[in-house]
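Here is the structure we will look at, set down as structure tokens.
First the proteins, then the strands, lettered A, B, ... as listed; each starts at 1.
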Amino acid sequence: MTNDRFNPHVADARWQNAWDAAQTFATPTETSKPKAYILEMFPYPSGRIHIGHVRNYTMGDVLARYKRMTGHAVLHPMGWDAFGMPAENAAMEKGVHPGGWTRDNIANMKAQLKRIGFALDWGRELATCEPNYYGHEQALFLKLLEAGLVYRKESTVNWDPVDNTVLANEQVIDGRGWRSGALVEKRKLNQWFLRITDFAEDLLAGVQSLDQWPDKVRLMQENWIGKSQGLQLTFNLAGTTEGIDVFTTRPDTLYGASFVAVAADHPLAQRMAENAPELQEFIALCKKGGTTAAELETAEKLGFNTGLSVEHPLDKDWHLPVYVANFVLMDYGTGAVFGCPAHDQRDLDFARKYDLPVRRVVAEVEDDSLTYRGDEAYTGPGRIVNSHFLNGMTIDEAKSAVITRAEQEGWGKGTTVWRLRDWGVSRQRYWGTPIPIIHCDTCGAVPVPDDQLPVTLPEDVTFDTPGNPLDRHPTWKHTPCPSCGKAARRETDTLDTFVDSSWYFLRFASQPDGAPFDREEIARWLPVDQYIGGIEHAILHLLYARFWTRALAHIGLIDVVEPFASLFTQGMVTHQSYSKVSERIEVDGEVTRHQVFTEYLYPSDVDLQTRWREGEAIPQANTAGVSISASFDPVKVIRSGEYLIFPNLLDTGEGVAAGRVEKMSKSKKNVVDPDDIIDQYGADAVRWFMLSDSPPERDLPWSEAGIEGCWRFVQRAWRLVGQVSGAESDDKALTRKMHQTIAAVASDIEALSFNKAVARLYELTGAIEKAAPSAARDEAIRTLILLAAPMIPHLAEEAWAAWGNATLIADAPWPMVDESLLVEDEITIAVQVKGKLRDTITLPADADNAALEAAAIASEKVQAAIAGADIRKVIVVPGRLVNIVI
RNA sequence: GCGGACGUGGCGGAAUGGUAGACGCUACAGACUUAAAAUCUGUUAUCAGAAAUGGUGUGCGGGUUCGAGUCCCGCCGUCCGCACCA
């Protein structure tokens, strides 16, 4: 009945419209079904969906559709992380309004997503740039302020003096603004902060409970939070009442101290520098050093002896010199350290350079002599030596002994130091959530009253001059103080866009008009059952979202503390890149320069027909008759890839190298546009490709051959749809295979092992193709389409309708498994002799061990391998193998 | 430097300690066709052999085990994250 080819250009739109019309994927409101909240990280509306989005959302979509078929109430929403700098950059470059640009992009990208046929509840679509989203965010911000979780303080920012704007750390490249190229200045500004550090302990402890998160991400979160326990102590400056506060995680090594060092921007160093030009120079030198990993690795430990000395807290007569040192950081701990060279590598490097004592206080073996030799610090376990009252203790015992004594004598106390800082959320930008505060000369910073929310962004802004458009808007910021009524000014900073993405998953679950969310609905839907996104959000977004959720729970607005029960981080889609390589020799006076130039090419411009295997002689001319220069050396240009490729565009002295299979990027010219491939192959083939071959957490190499194969599969499946025969005979083997496939595909999808599910479906397809017509075969074809429906939903609907169903396959239940058919009734057993495979034998599945053993020994091949030797032992693994040991 | 992951055919990759290479791609051969495309069939780790079959084989070297791609120890390599974190 349907022997023609499957035509996605007609079918895709037909079923997308049908799902829309039937509201198939609208979230059920009242239901007794178990809930499944499937969420993919929402995109920034840059203008185009890229192929990474397609992979991400296809995975979530398969899971969401599968959950629907298995009887779940599914929430699978989509929205837009719509505030951010690219919109302002577009405004500056193209003279468009950020809002218009963003909303146009959203419209385009939504149309793109619709073409792929995702099972999304578009009724819950949200964009963070709309007042009905960010207004609620402002209300939540004020609730947190009220609860004491928001504060304002002066802090240092990166200031671009040309663009008159604050730069994020990532926008400072080699000390210069990424856009203007101007040297970045440090400026002090009043900024709003969220007290994420109040939750440091909770956030760290919570990581332990996230057993469905990748270990890698949990570890990254733990490291980022960075808990260190130790002693904070004061070294008194000899002859004064002043002291230097120092933090250490190794109070046990206090008797091994030989110096104290402070950071270049430590107040003490700054104060001393006022009258010491040499120190000023040294401080400048410290600040000049680069901050890249390589530079830090090789940077020499440098110090400046201040001439000051401090008293050792355990022996007032023991004085230690005070240095300013380049390796001490002001923004960690107290900005000062004591150096114990024997048991810390940095301190040892420093001590060797400045010829300071190196005292052993932890003995690894029997050597407990005071003088420590060598250039490698000992940081392992051992017993304490040369340390008076600590001698003989373990490191842990000594740590607590020192802390106890410090607390008794009042010169120090046990402390925990965190790497995590409070979250600075002020941005001097237009395109973000306005911070709902009014500054009054009399009343200070006053929250905007509830009934004046949302504070909306003015539309009439200009980007022709640098700086924050909100700040220079003629009227926007002028408003009366809500408290005293006098003239006052609005806060013109906006919130970090990470705030927007820290609670969107709550708004998806519940969208009342007058409140950010409804508590009961949050309780019903949260936590997200499966969150899927890129590894690049492993730290900041996930940490902020966890914090925000905890903070809202803390102030009693919701009852969930961990927003994402299960997290999956998917790999990138990569693509082979090609580059034209030319070799030139430039003679400049005495100097001969040999240079290789690389220019990337579009894969479509490379003629793949003309190839030579690497290692073969390089032909002197390619098919177009263009000669290769004698100096062209392919070894220099081929870094990976097996072939040398000489396209027709070849010029003398040039070759084309197959480059790495790498992340798609415009500069590498290896980008594949989802719209183009959907035009060509339809949504289902593209979806199938996204799920095939590579495990989802790994990178997926895009290839023409691969998508062609997927297209072939779609047509293969479609041919089977037309082969339902109405025959009545059965086919035990095929039925068994079918049930095994149902079970396997279900468990593979639940484990997000889509590549394995796809392989199973290929196997079933092959088995059906080989089988003769029968009722079992008809059923297997119907089952195949049901199992593949979450992955290739358009074809599945088309098949479902072709078979005369008036319903949607999207509403069909997942096929039932007959457990009794999962086991074979005949099994093939491996027979080994001393662990080496010698034969396989086929027996009834219920054969007992004795029968297996007898059959194995009876095998001719086994007898040949034994060659008359005595059998010492026989190991029988039921259903698997027999191993005969001689 | 610290931490983590990974290493299997020409490629992407399968494999609860139990028959390594499922499935896909590529390539080759054949069928159909005037021809091509599409489709179908077969082969495709490697060495020896006409074949049956046998040997070797999961980065390298050891170990545990009746049996190791899988577990343990030590190397080598690739990728990722963090970092003068006191």
Side-chain angles (χ1 to χ4, degrees), chain A residues 5 214-220 222-224 226-228 230-232 246-250 253 261 263 289 291 293 295-302 325-329 331-340 344-347 349-350 417-419 535-536 538-539 574 576 613 641-643 661 688-689 692-695 697-701 703-710 712-713 715-716 719 753 755-766 769 828-841 861 864 872-886:
Chain A
R5 287 160 69 84
D215 288 345
K216 181 186 185 174
V217 176
R218 296 205 292 176
L219 199 70
M220 283 162 78
E222 283 174 1
N223 291 342
W224 189 262
K227 180 179 185 176
S228 296
L231 171 69
Q232 183 164 330
V246 163
F247 174 74
T248 178
T249 56
R250 293 296 301 271
T253 64
T291 52
E295 284 169 318
L296 289 176
E297 186 101 357
T298 52
E300 200 178 1
K301 305 282 175 285
L302 295 177
N326 64 345
F327 66 88
V328 181
L329 305 176
D331 56 5
Y332 186 80
T334 60
V337 299
F338 83 79
C340 173
D344 181 284
Q345 190 60 47
R346 278 172 326 193
D347 296 346
D349 293 346
F350 191 80
V417 165
W418 302 88
R419 190 184 171 281
I535 186 72
E536 67 274 18
I539 297 175
T574 57
Q576 173 101 57
R613 278 181 191 278
E642 189 195 355
Y643 300 111
V661 175
W688 189 253
F689 183 95
S692 302
D693 293 350
S694 289
E697 69 277 11
R698 286 201 218 164
D699 289 351
L700 172 68
S703 74
E704 281 296 318
I707 186 69
E708 293 281 352
C710 294
R712 277 199 295 275
F713 174 76
Q715 297 303 340
R716 260 173 92 188
R719 276 195 298 279
S753 297
N755 56 321
K756 292 189 222 168
V758 163
R760 299 284 190 177
L761 292 171
Y762 271 116
E763 279 188 62
L764 181 59
T765 304
E769 285 170 340
T828 301
I829 299 286
V831 183
Q832 298 178 338
V833 177
K834 290 208 297 186
K836 252 185 188 319
L837 181 72
R838 292 298 172 187
D839 199 4
T840 56
I841 53 177
K861 289 174 190 164
R872 283 170 35 209
K873 197 163 145 191
V874 177
I875 289 148
V876 179
V877 182
R880 283 283 183 183
L881 61 60
V882 178
N883 189 10
I884 296 163
V885 186
I886 55 174

Scan [X] against the nucleic acid and name what it touches under 4.0 Å (heavy atoms): base, sugar-phosphate only, or nothing.
X        : answer
A/Gly709 : sugar-phosphate
A/Thr828 : base
A/Ser694 : sugar-phosphate
A/Val877 : base
A/Tyr762 : sugar-phosphate
A/Asp344 : nothing
A/Val874 : nothing
A/Gln832 : base
A/Ile875 : base
A/Arg838 : sugar-phosphate
A/Asn223 : nothing
A/Arg698 : sugar-phosphate

Contact under 4.0 Å: A/Arg880 side-chain N or O vs B/G17 OP1/OP2: no

Short side-chain N/O contact to B/U56 OP1/OP2 from A/Lys836, under 4.0 Å: yes

Let's see if you can work this out: which of [options] has an atom nearest to the side-chain heavy atoms of [X]?
X        : options             : answer
A/Glu769 : B/G13, B/C40, B/G12 : B/C40
A/Leu219 : B/C40, B/A22, B/G3  : B/G3
A/Arg719 : B/U39, B/C66, B/A14 : B/U39
A/Lys756 : B/A14, B/C40, B/A86 : B/A14
A/Lys861 : B/U53, B/C85, B/G18 : B/U53
A/Arg712 : B/A86, B/C84, B/U26 : B/U26
A/Glu763 : B/A83, B/A22, B/G81 : B/A22
A/Arg5   : B/A38, B/G81, B/C85 : B/A38
A/Lys873 : B/C66, B/A86, B/U26 : B/C66
A/Val885 : B/A86, B/C66, B/A14 : B/C66

Hey, what do you get for [atom1] ([X]) to [atom2] ([Y]), rounding to the nearest 0.5 Å?
X        : Y        : atom1 : atom2 : value
A/Asn326 : A/Lys301 : CG    : NZ    : 7.0 Å
A/Met220 : A/Lys216 : CE    : NZ    : 6.5 Å
A/Glu769 : A/Leu764 : CD    : CG    : 10.0 Å

List the steps, then state whether salt bridge (charged side-chain N to carboxylate O under 4.0 Å, His left out) holds for A/Arg346 with A/Asp349. CA-CA 5 Å; A/Arg346 278 172 326 193; A/Asp349 293 346; over 6 Å; no

Quick one: [X] [atom1] to [N] [atom2], roughly how many Å, whole number?
X        : N     : atom1 : atom2 : value
A/Met220 : B/A83 : CE    : C1'   : 13 Å
A/Glu708 : B/A27 : CD    : P     : 11 Å
A/Leu881 : B/G18 : CG    : P     : 9 Å
A/Gln715 : B/C40 : CD    : C1'   : 15 Å
A/Leu837 : B/G69 : CG    : P     : 13 Å
A/Ile707 : B/U26 : CD1   : C1'   : 16 Å
A/Asp839 : B/G54 : CG    : P     : 9 Å

What orientation do A/Phe247 and A/Tyr332 show, parallel under 30°, tilted 30 to 60°, or perpendicular over 60°? perpendicular

If I pick the C1' atom on B/G10 and the same atom on B/C84, what distance separates them, to the nearest angstrom? 46 Å

Does [N] have a Watson-Crick or wobble partner in any strand here, with both distances under 3.5 angstrom, and which is it?
N     : result
B/U33 : none
B/G24 : B/C11
B/C85 : none
B/A5  : B/U78
B/A51 : none

Between the base of B/C84 and the side chain of A/Lys301, is one N or O donor paired with an acceptor at under 3.5 angstrom? yes

Considering only heavy atoms from C-beta outward, does the side chain of A/Phe689 approach that of A/Val758 to under 4.5 Å? no

Any side-chain heavy atom of A/Asn755 sitting closer than 4.5 Å to one from A/Asp693? no

How should the glycosidic conformation of B/G9 be described, syn or anti, under the criterion that syn lies within 90° of 0? syn

For A/Val831, is there any backbone N or O sitting under 3.5 Å from a side-chain donor or acceptor partner on A/Asp839? no

